[in-house]
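Report on the structure given below.
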Amino acid sequence: MTSYKHSIIIAIDGPAGSGKSTTARLVAERLGFIYVDTGAMYRAVTLAWLRVGKPDIDVFLSNLPDISLSRDPQTHRQMTLLDGVDVTDQIRTSEVTKQVSYISSLKTVREKMVSLQRNIGSDHNVVMDGRDIGTAVFPKADLKVFMIADIQKRASRRLEEMKNKSKHHVPSLDELIQQMKERDTYDSSREIDPLKMADDAMLLDTSELTIEDQATIIIEKAKPIIIKHSHGA
Ligand code: DC
């Protein structure tokens, strides 16, 4: 495994809609760390598979597309590139969301994405969000947070987000709850690196918290770690 002792890793895992990405982005911004949304990487692989017409999976796996991350020069937000082309918006369609659990359960896909994620964390302080960051990608992360929230809350938050941002079809609340439950079940029961809380993670139930509350809790936990790190520990 890549050594990452010179950088600080904050791992934030949890199910869809638990508030991970917004919180992780804010924490990273305030700490001056790089924010990495690993779900976007699995979404980009899924988009590639859909674009080539869902071919036989072994054929697809034998020649996986090139996935990389970049930063928008103006907003500094993560940009997701598929074979060098920006697909940040295209990976958010419901078509991709429906298939991403399947594609991300495949060993070859996971091995490639995990290796990219470890590379990013090897020389940058990062806040990385996903499903298996604290259990599989960085089992020795400096701080691990596992975020959960009530399904109704998660779905209504996601719906608001979609209404505000999405140029694509927006499902109903009930449809979204159903889709989220299916995705949680698939992601938690897959064989390789399922969605699971690490034994040493802090559990954060965000049902009644604001993004600001969540970011503050994580930053307070991170502060002593950063101080210790700056003293060379
Ligand atoms: O965070 P998201 O909803 O964009 O993630 C999309 C899917 O990618 C999620 O349903 C499971 C998969 N995923 C994963 O398997 N491991 C990660 N570290 C991140 C996401």
Side-chain angles (χ1 to χ4, degrees), residues 9-25 28 34-50 61 64-65 67 69 77-80 82 87-121 126-139 141 144-149 151 153-155 157-162 165-166 168 171 176-198 201 206:
I9 311 285
I10 300 180
I12 303 188
D13 290 304
S18 53
K20 293 182 314 271
S21 0
T22 321
T23 309
R25 189 180 303 119
I34 287 182
Y35 164 58
V36 183
D37 167 7
T38 61
M41 301 165 84
Y42 292 98
R43 285 174 177 274
V45 182
T46 308
L47 177 67
W49 182 63
L50 291 171
L61 294 177
L64 276 181
I67 308 294
L69 302 180
R77 290 214 164 192
Q78 173 175 305
M79 283 165 65
T80 308
L82 169 60
V87 290
T88 311
D89 287 337
Q90 291 87 330
I91 58 174
R92 301 287 156 194
T93 62
S94 57
E95 195 53 29
V96 171
T97 305
K98 277 185 202 141
Q99 301 288 348
V100 66
S101 284
Y102 165 58
I103 293 295
S104 62
S105 71
L106 303 167
K107 186 167 182 262
T108 317
V109 173
R110 298 208 74 77
E111 280 174 355
K112 185 161 173 186
M113 296 307 117
V114 168
S115 150
L116 289 170
Q117 292 154 15
R118 285 184 182 148
N119 271 341
I120 301 171
V126 293
V127 180
M128 197 172 277
D129 92 42
R131 303 292 188 287
D132 62 338
I133 311 303
T135 51
V137 183
F138 290 114
K144 299 181 188 179
V145 182
F146 194 82
M147 287 177 54
I148 54 165
I151 184 88
K153 285 263 161 62
R154 292 200 274 135
R157 284 176 187 161
R158 184 49 63 91
L159 195 64
E160 275 315 298
E161 205 178 276
M162 289 173 109
K165 283 197 295 202
S166 184
H168 313 289
L176 207 55
I177 291 178
Q178 195 48 38
Q179 283 171 15
M180 275 185 163
K181 282 187 178 164
E182 281 169 15
R183 198 139 69 94
D184 288 352
T185 308
Y186 205 116
D187 294 345
S188 314
S189 55
R190 70 174 176 232
E191 215 171 297
I192 314 158
D193 302 339
L195 164 66
K196 183 168 149 273
M197 180 167 145
T206 69

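Both counts, for ligands and for their atoms, begin at 1 and track the order of listing. None of the values given here were measured: they were computed from a predicted structure. Every heavy atom of this structure was used, including side-chain atoms; hydrogens, water molecules and symmetry mates were not.
D187 and S101 share a side-chain donor-acceptor pair at under 3.5 Å. R157 and T206 are linked by a side-chain donor-acceptor pair at a separation below 3.5 angstrom, with hydrogens and angles left out of the test. In this model, a donor atom of one side chain and an acceptor atom of the other lie less than 3.5 Å apart for Y42 and R110.
Scanning V96, V137, V100 for the heavy atom closest to atom 7 (C) of ligand 1 points to V100. Between R183, E182, R110, K20, it is R110 that holds the heavy atom closest to atom 14 (C) of ligand 1.
Of the polar atoms of D132, at least one N or O is found under 3.5 Å from an N or O of ligand 1, judged by distance alone. Considering backbone and side-chain N/O atoms, D187 comes within less than 3.5 Å of an N/O atom of ligand 1. Some N or O of R190 is nearer than 3.5 Å to an N or O of ligand 1, by distance alone. Looking at ligand 1, you'll find an N or O of T38 within less than 3.5 Å of one of its N or O atoms.
Those atoms of ligand 1 that come under 4.0 Å of a heavy atom in S104, given as number and element, are 11 (C), 12 (C), 15 (O). For ligand 1, the atoms lying closer than 4.0 Å to a non-hydrogen atom of S101 are 10 (O). Within the listing of ligand 1, atoms 17 (C), 18 (N), 19 (C) sit less than 4.0 angstrom from a heavy atom of G130.
Remark: the backbone N or O of I103 is not paired with any side-chain donor or acceptor of T46 at under 3.5 angstrom. Remark: the backbone N or O of I91 is paired with a side-chain donor or acceptor of R43 at under 3.5 angstrom.
Nearest to atom 1 (O) of ligand 1 among the protein's heavy atoms is R131 NH1, 3.0 Å. Protein heavy atom closest to atom 20 (C) of ligand 1, with residue, atom name and distance, is G39 CA, 3.5 Å. Protein heavy atom closest to atom 4 (O) of ligand 1, with residue, atom name and distance, is R43 NE, 2.7 Å.
Within a 6.0 Å sphere centred on CD of E191, heavy atoms belonging to other residues, nucleotides or ligands number 12 at most.
At least one side-chain heavy atom of V36 sits under 4.5 Å from a side-chain heavy atom of Q78. For the pair R154 and S18, the minimum side-chain heavy-atom distance is below 4.5 Å.
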